[in-house]
Every structure is written in structure tokens, then in C-alpha cells.
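Read through the structure below, which is laid out as C-alpha cells, and then see the notes.
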Amino acid sequence: MKRRQFIKTTAGAATILSYSPFLKANETIDKVFQTFDAEINLTASPMEVSLLPGNKTNMLCLNGSVVKGDSHFLKSSQGYLGPSFEVRRGERIKVNFKNNLSEASIIHWHGLDLPEAQDGHPSYAIEPNESYTYDLEIHNRAGLYWYHPHPHGRTGYQVYHGMAGLFVVRDNEEDKLNLPAQENELFFVLQDRHFDENNQLIYVQSGHDIMMGKVGDKLLVNGSLDRERKVAKEAYRLRFLNGGNALTYRLQWSDGKPVKLIGTDGGLLEELTDRDSVLFSPGERIDLLVDFSDKNIGDEVELQSIPLVDNSSSQPFTVYKFKITKEGVKNFDMPTQLSVIKKIESNEAVNIDSPKVFKLAPKAGVGWTIDDLGYEMNNIRPKERVKLGTTEIWEFDLTNAGMVHPMHIHGSQFQVLERIPGPYSKDIVFDGGWKDTVAVLPGDRVRIIKRFHDFEGKFLFHCHILEHEDHSMMRDFLVEK
Ligand code: C2O
Ligand code: CU
Ligand code: CU
């Protein structure tokens, strides 16, 4: 694979200040992403897709092709999903997004640290038959990111109808670990959907659907109802996106083995972490290792989701089934140390003594809100202004309201500083690693610490239950000099 080279020049330099998931303290990127490594066309259009036996389903799909550069930048997907991007840190790609829908749209690159004009803010939404060209310079460390539309009020609808895809970033730090790769590295996009008797999608029908978020009655994985696969007696790397609109999972193995977590939203953890179960809310990603080498041919192991609350009356359900059908040929030793994550110390924050508290609560006539406000494009409160180059502590306060809200902040990845738990999150939530989406459980107050060091401009933070985001648990924040 051709690696791009960083070339140091002065004119037009995209200078990134020192910070970041991928840099050690004091290290500064002063490099120019000079040429595009690839140019990709990404087109949104209505399509009929065969999902269930019988009638085809009307979907909205993203189709992509590499028009310049090597074909490895894009992998076509199964089902209705958009293609998977696969890019190395330091590469730069151009994406020509064409909107062939009958409504406005714009693509957001979830988890990538990008300037405002590349971030897919709803004020950038383009009308039918228009195009938008993205210049994506990949600063993020290796990790599983994703992309989806973000037009205000229509994000939930468009994602539900199929518009989403993976964005895989690789880097040298990750390569050195020699994690299971190729056919031993598997990607899973979890999305629940609700169909009518003609195999057409049923979306939001009531205020209740908006308040609770749209939950389906069928679980699709990678755009397909097929939720099992054959595996060898080998180790696998399993990489998951919760691409559903509203459903939160709590994943565990059916054989009682610990879940071996190696990464979250912003890439690898410091060390492999054994968990009894992993809470997994919409928008989040998890990276797991599993070793089937001690299984017997014919064994089946399921990844299942158990109720969020222990002793609840609801039943676990199968998310995915692995059937062990082949002897193994590859050996793999579980790593312990994975990467180095420098903790952001709270005294780095300019507001260490006065965290910005955002209250999460429902409001009559609006829906779910932040500080009792719905989304107001371009009405940015003083509290929502941040000085470029600073670090801040924000708190999501859900002391008064009763459901999980996965809170997502655009821009660079953050760290969870502290969780003052309500009655549910103790022992079931893992807050390590770099995050862009954090599940706030009823009663919780979650404090995050985030560096706003890279790009000035207008960005979003919101709940990633897409019906909440649309109605309208979302606010702008402005990073300014
Ligand atoms: Cu994945 Cu603003 O969202
Ligand atoms: Cu995002
Ligand atoms: Cu919410």
C-alpha cells in the first residue's frame, strides 16, 4: 500500500495544534495534506432492496465508487448499507456527495475530527440534485468511525431508511499489534427495523415513538437478516457499530466468557479489558477480541443482549451467532498492552471549577431537550461558546429523567472524567478510552473533558437517539479564536 508522505511547506498549511488522541504531549503536527490520495463519489438515491422474502423494500441508499486512487479506499457493503471507507491516518480524500433524493441531505463523518465545512452540519444541507465536495484530511488515530446524513429533522428518517456506512481508519500504532486481520477481522453494523406486511419500513408513527425513539422488531446486521456465520477455531477481532436509531444493547457471550474489549469510539484502549457485559448505545462503537480455539467443531457461541437492568423480566436476545466449523491454523496470543492513552487531567480545563452543566429533560411541546431548549440553528448561547485551543469540562445531567441518552459531541474525541452514577450505571458502564458518544443512564451525571484545539467553527452536540436528535435534543456549539 502506498503511504502518503507528509510534506512540510508554509503556504496553505493545515496546521494542527498539539493535542490529540494520536499525538504525544508537545508533539505538533505541522504538516500539509498536499494531494488527495483518492477521490470518491458517494451518491444518495432511493433504491429497492431485497431484504425479506417477497416484496423488495424501498430504501434510501448511499452508493460509492473510487474515481481516482486505489480501489482499497472503498469496500462495497452487503445489504442496503453504504460502502465502507478504509483510510490510513494522514491520508486525504476527496468525496463528491451527490443528493439524488427528493429531500435535502448532507453527510456527517461521525467521530472524525474535521473543520466545520467538512463536518456535515445541518446548515450545509444540500437540495435534491445538488452536490457537496468534502476534503477529508484524516487526523484521527486508527479506529472505527462512521458516516450518516445530518439534515435537521430528517436524520432519523434517512438513517433508518439505509443511509449509513463505516469509516475505518488504520495507523502504524495499530498495525504493530498484529491483531487478527483479513477474514479474522469482522465488522458488524447493528440496526433494528420495523416492517409492514408488504416489507416496507414503518418509521415514526406517534409522539410516543419520538419520545422513546424508534425501536424495530427485527434486527439486521450489516444490512441483512442473516445473523450467523461459520468461524474457525481461531481468534477474531469483532468490530461493532450500533447504527440503530434508539436501541441500547448490553452484550455478553452465551458461554459465560468475559467480553474482551480492546477499543471504543476513538480507537484502541490502553489495555485489553475483560468485562462481564458491555453496554452499547446508538452511535457508539466497540472493538472486541474473541478466541474460539478452545471450542469444538460443532459448537455455537452467541453474542446476546441482556436487559440493561439486572433482574428485569425481559429476556436476553441473540444478536449474532458464531458456529465453529473449522480447525484453526493461525495462532494468536491475546495482547495486554494495546496503546498509550494520556489522561486529560482536569486541571487542564479552563472551567475546572465550573463545569458546563447541560440538563437533559423532556419538555412539553418540544420533546427531549438540552437545558429545556430544542435545536435552534445559529442561536448559540454564551455557554455554547468555546475558545479555540482550550480544554473544557462538560456535564450531562440526567438526574431527573428516565431513559438512556447517548450524548455525542462533534469534533475531537473526548474522555469521560467522572460519572456520578444514578441507580443503573454502576458496574454496567465502561468509561475508558477515547469517546465521541457517551451513554448517560437515568439518574447519572456524566462529566467529560474535551480539547477544542483543532478547528474553529460551528459544531453540534446531541443525543444519538435519532428521534431525540431530530425533536430536538441537539444544540450548536461554536469554537472561536
Ligand atoms: Cu452521528 Cu451529529 O452524529
Ligand atoms: Cu457525529
Ligand atoms: Cu435521547
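Residues take their numbers from the sequence shown, with the count starting at 1. Counting starts at 1 for both ligands and their atoms, following the listed order.
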Per-pair distances, 0.1 Å, donor-acceptor, side chain in residues 360-372, under 3.5 Å, sequence neighbours excluded:
| from | atom 1 | to | atom 2 | distance (Å) |
| --- | --- | --- | --- | --- |
| W368 | NE1 | M211 | O | 2.9 |
| W368 | NE1 | H468 | NE2 | 3.3 |
| T369 | OG1 | A361 | O | 2.6 |
| T369 | OG1 | D372 | N | 3.4 |
| D371 | OD1 | K359 | N | 2.7 |
| D371 | OD2 | R381 | NH1 | 3.0 |
| D371 | OD2 | R381 | NH2 | 2.9 |
| D371 | OD2 | K383 | NZ | 2.6 |
| D372 | OD2 | K359 | NZ | 3.0 |

Candidate pair K214 and Y157, rule side chain to side chain contact (heavy atoms under 4.5 Å, CB included), full reasoning:
CA-CA 10 Å; K214 179 63 191 175; Y157 180 90; over 6 Å; no
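- K356 forms no cation-pi arrangement with F358, by the criterion of a distance under 6.0 Å to the ring centre and an angle within 45° of the ring axis.
- Taking the ring centre of F36 as origin, the terminal cationic atom of R92 falls inside the region bounded by 6.0 Å and 45° from the ring axis.
- A distance of 12.0 Å separates CZ in F97 from CG in N41, rounded to the nearest 0.5 Å.
- Using cut-offs of 30° and 60° for the angle between ring planes, the H462 and H408 rings count as perpendicular.
- Between the side chain of D196 and the backbone N or O of I202, no donor-acceptor pair lies under 3.5 Å.
- For the ring-ring contact (aromatic ring centres under 6.0 Å, His included) test, no residue two or more places apart in sequence or in another chain qualifies with F187.
- Looking only at its N/O/S atoms, H148 has NE2 as the one nearest to atom 1 (Cu) of ligand 1.
- Within the protein, the number of N, O or S atoms lying under 2.8 Å from the Cu ion (ligand 2) is 2.
- Protein N/O/S atoms found under 2.8 Å from atom 2 (Cu) of ligand 1: H150 NE2, H410 NE2, H462 NE2.
- Side-chain N/O atoms of E467 and N245 include a donor and acceptor closer than 3.5 Å.
- With hydrogens and angles disregarded, no donor-acceptor distance shorter than 3.5 Å links the side chain of H405 to the backbone of M407.
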